[in-house]
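Written out below as structure tokens is the structure these notes cover.
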2 protein chains.
Amino acid sequence: MLKITRKAEYALIALRHLNNIKDGELATVKEISTQYGIPQELLAKALQQLARAKLIEATKGPYGGYKLVTDPNEINMTKFFEILEGPMGIMDCSFDSGCNQLNACNIRTPINRINDSIRTIFDKLTLADITY
Amino acid sequence: MLKITRKAEYALIALRHLNNIKDGELATVKEISTQYGIPQELLAKALQQLARAKLIEATKGPYGGYKLVTDPNEINMTKFFEILEGPMGIMDCSFDSGCNQLNACNIRTPINRINDSIRTIFDKLTLADITY
DNA sequence: CTATTTACGACTAAATTAGTCGGGTATATG
DNA sequence: CATATACCCGACTAATTTAGTCGTAAATAG
């Protein structure tokens, strides 16, 4: 349990990398994937998602690449994971999720409390903490 | 992310059920699976794991079933999840796990800090909290 | 124009989880 | 002892999710 996907893992590695390069410099997917031994296409996808979410910014063409455009203190892990992996929580009890338990289920309330406390941790944890 | 397996979910429901029945009474897999709409065989497996781990106790034969034999305050969620789902942590960076990142990886330390804080939550959270 | 780099959807492969099945052991009861 | 009930357990299949690949497009520097 609690595993994060490789995509998120790769994205974290890349974000940390972007946070450590010099101001004004860009890093390409190729560079990052080579340096850390990450499948290029998969990393590319993750960075595209982060770019769409405006955490990083892309420059196309030769000498292009990505740079971080958001203060690492502003990016918390809840946001980060939700960009890459969708809604967070150990269980999704909503009607939409098609849970046919809902009525019979005797653990919904406690589960929601667990979800809340995990979310609280991730809310407080910023990229800056991970990147320091 | 942070999803728990259905097996763990079913086990939690069952544990809560066992915690709420009268002292000295037993509940069978069949009863529980029927009451909550859970696949019987799957629930059976989960309860067998919990029995092996001595959280609950089985009585075979007619009028048999399961009962809780551990104080709900003594069962924390770390233990519970590790019985059912193996080691917990958002990532396993150990050599054994065959991570071929290890050297290049720039996020190992922060990841381990995250793991620790999640583990801390689950350590403190007992079945009694969920079952109250 | 060409090489480089991001964007993106569709696809396949691998791994994990969910659920099923068959056969076994223990036990209460008549 | 026979039978019905209930747990035990490993092996299997099916479904779902995650990982990774591929092809094509669009922007841009030189």
Side-chain angles (χ1 to χ4, degrees), chain A residues 1-11 13-14 18 25-34 36-67 69 81 84-87 90-92 97-101, chain B residues 1-11 13-14 18 25-34 36-67 69 81 84-87 90-92 97-101:
Chain A
M1 93 162 291
L2 293 179
K3 292 285 180 293
I4 68 177
T5 60
R6 275 173 200 273
K7 193 167 67 173
E9 179 188 342
Y10 298 155
I13 292 176
L18 291 178
E25 278 195 356
L26 302 179
T28 68
V29 171
K30 200 172 173 185
E31 277 164 32
I32 301 177
S33 65
T34 304
Y36 299 99
I38 297 173
Q40 180 166 338
E41 292 302 322
L42 193 51
L43 177 61
K45 267 193 183 169
L47 294 188
Q48 281 159 28
Q49 283 181 274
L50 295 179
R52 244 174 288 161
K54 303 278 165 62
L55 260 56
I56 62 179
E57 210 175 82
T59 305
K60 291 182 181 177
Y63 305 99
Y66 289 100
K67 69 178 175 205
V69 289
F81 285 123
L84 290 161
E85 304 186 347
I90 64 175
M91 225 181 271
D92 179 2
S97 71
C99 174
N100 50 12
Q101 209 81 153
Chain B
M1 93 162 291
L2 293 180
K3 293 286 179 294
I4 70 177
T5 60
R6 273 174 202 274
K7 193 167 67 173
E9 178 188 344
Y10 297 154
I13 292 175
L18 290 178
E25 278 194 354
L26 302 179
T28 68
V29 170
K30 200 172 172 184
E31 278 165 31
I32 301 176
S33 65
T34 303
Y36 300 99
I38 296 174
Q40 181 166 338
E41 292 301 322
L42 194 51
L43 177 62
K45 267 194 184 171
L47 294 188
Q48 282 159 28
Q49 285 181 272
L50 295 178
R52 245 173 288 161
K54 305 277 166 61
L55 259 57
I56 62 180
E57 208 174 84
T59 306
K60 291 181 180 179
Y63 306 98
Y66 289 100
K67 69 178 174 206
V69 289
F81 284 124
L84 290 162
E85 304 186 347
I90 64 174
M91 225 181 268
D92 179 2
S97 72
C99 174
N100 50 14
Q101 209 80 159

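Source: prediction; values computed, not measured. Just so we're on the same page: letters track the sequence lines, and every chain starts at 1.
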Can you tell me how far P of dT17(C) sits from CD of E85(B), to the nearest Å?
7 Å
By nearest heavy atom, map A27(A) and K7(B) onto DNA chain C; which one lands nearer the 5' end?
A27(A)
Using a heavy-atom distance cut-off of less than 4.0 Å, which residues of residues 45-59 of chain A contact DNA chain D?
K45(A)
Whole angstroms only, please: what is the CD-C1' distance between E9(A) and dG20(D)?
14 Å
From CG of L42(B) across to P of dC9(D) the rounded distance in Å is 16 Å
When you measure from the side chain of Y66(A), which nucleotide among dA6(D), dT6(C), dT20(C) comes out closest?
dT6(C)
Could you give the NZ-to-P distance, from K30(A) to dT4(C), as a whole number of Å?
7 Å
Taking atom P of dT4(C) as reference, at what distance in whole Å does atom CD of Q40(A) sit?
12 Å
note: I38(A), atom CD1; dG20(D), atom P; distance rounded to Å ~ 10 Å
Please enumerate all residues that pass side chain to side chain contact (heavy atoms under 4.5 Å, CB included) together with L84(A), with sequence neighbours excluded.
K7(A), A8(A), A11(A), A46(A), Q49(A), L50(A), F80(A)
Using the rule side-chain contact (heavy atoms from CB on, under 4.5 Å), only one of L47(B), L26(B), I32(B), L55(B) pairs with Y66(B); which is it?
L47(B)
Would one find a side-chain N or O of Y10(B) under 4.0 angstrom from OP1 or OP2 of dG19(C)?
yes
Please determine, for the side chain of E41(B), which listed nucleotide (dA7(C), dA6(D), dC9(D)) has the closest atom?
dC9(D)
Determine: side-chain N/O of Y63(B) to OP1/OP2 of dC7(D), distance under 4.0 Å, yes or no.
no
Per atom distances to the T5(A) side chain, the nearest of dC7(D), dT18(D), dT21(D) is dT18(D)
Atom of V29(A), atom of Q40(A) and distance for their closest heavy-atom approach:
CG1-O, 3.5 Å
State, to 0.1 Å, how close E31(B) and A27(B) come at their nearest heavy-atom pair, and which atoms those are.
OE1-CA, 3.5 Å
Can you check the R6(B) CZ to dT16(C) P distance for me, whole Å?
19 Å
To the nearest Å, how far apart are K67(B) NZ and dC7(D) P?
14 Å
